[in-house]
Chemist: 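The structure's right below; bear with me while I get my questions together.
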Amino acid sequence: MGGHPFVVHVGKLRRQVGARWHEERRGCLEGLDCSGSAVPADAPLLADVVLESVLGGVSVSGTVVAPWVGECRRCLAPASGELRVAVRELYTEGGDGDDTYPLVDDQVDLEPLVHDAVLLELPPAPLCRPDCRGLCPVCGADRNEEPCACEAPRDPRWGALDVLRVPGGAGPGGDPGDD
Ligand SMILES: [Zn+2]
Ligand SMILES: [Zn+2]
């Protein structure tokens with residue numbers, strides 16, 4: 001693997017429209033992060049794709065696989081997982097990365113495709129596990145580890161009822177000797 005693991009030379013492929021071949025390319029990319037998770041810069045991503053020669057370009061379809069790490073949004077523990085993103089894109093001469101990717105000198109560079117596909121799918125609010133119980137809002141204990149001693153927060157209205165329940169507190173207008 002050289003410095004451009006995602007560059008595929010497609011000169012031979014393009015000699016015949018309809019020709020297809022399979023490529024598996026692995027490489028690391030930087031800058032793949034969103035607010036809640038990221039692909040480590042030293043973790044290889046996989047592009048497992050079929051390239052097909054079409055009129056005016058090359059179509060690329062398959063799967064991009066990327067490991068990600070982040071912080072659980074409930075308990076703040078490390079969270080991690082693996083993305084599998086289905087891709088189907090077109091490379092054309094003159095492509096600018098909007099509708100189609102550029103095909104330059106009979107080379108398909110899968111890097112921008114991998115980058116764009118993964119960036120869209122990174123989880124913005126990951127969980128360490130689907131049923132994470134999170135942190136206690138009162139004492140901060142990790143409720144996955146052990147239940148803490150905190151009760152549910154006491155409703156302040158219960159305290160007001162206690163005050164009203166004193167003996168002789170009969171309420172307004174109850175004094176007959178005032179006339
Ligand atoms: Zn968690
Ligand atoms: Zn607690």
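A quick note: this is a predicted structure, and the numbers were derived from the prediction, not measured. Just so you know, residue 1 is the first one in the sequence shown, and it goes up from there. Indexing begins at 1, ligand by ligand and atom by atom, following the structure's order.
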Chemist: Nearest 0.5 Å, please: how far is OG in S59 from CG in L90?
Modeler: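 Rounded to the nearest 0.5 Å, the CG-OG separation comes to 6.5 Å.
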Chemist: For the Zn ion (ligand 2), how many protein N, O or S atoms lie at less than 2.8 Å?
Modeler: 4
Chemist: Does D105 reach the main-chain N or O of Q107 with its side chain, forming a donor-acceptor pair under 3.5 Å?
Modeler: no
Chemist: Rounded to the nearest 0.5 Å, how far does CG of D106 lie from CZ of R14?
Modeler: 5.5 Å
Chemist: With the Zn ion (ligand 1) as the centre, enumerate protein N/O/S atoms below 2.8 Å in chain and residue order.
Modeler: C72 SG, C75 SG, C128 SG, C132 SG
Chemist: Please check this pair: side chain of S61 against backbone of V87, looking for a donor-acceptor N/O pair closer than 3.5 Å.
Modeler: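 Not confirmed, S61 side chain does not pair with V87 backbone.
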Chemist: Side chain of R74, backbone of C132: donor and acceptor closer than 3.5 Å?
Modeler: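 Present.
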Chemist: Please report the interatomic distance CG(L32) to CG(L45), rounded to the nearest 0.5 Å.
Modeler: 6.0 Å
Chemist: So, does D48 use its side chain to make a donor-acceptor pair with the main chain of T63 at under 3.5 Å?
Modeler: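 Such a contact is absent between D48 side chain and T63 backbone.
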Chemist: Is it the case that the side chain of R25 and the backbone of V7 share a donor-acceptor pair, with hydrogens and angles ignored and the cut-off at 3.5 Å?
Modeler: yes
Chemist: With the threshold set at 4.0 Å, does a side-chain nitrogen-carboxylate oxygen contact exist between R129 and D131?
Modeler: yes
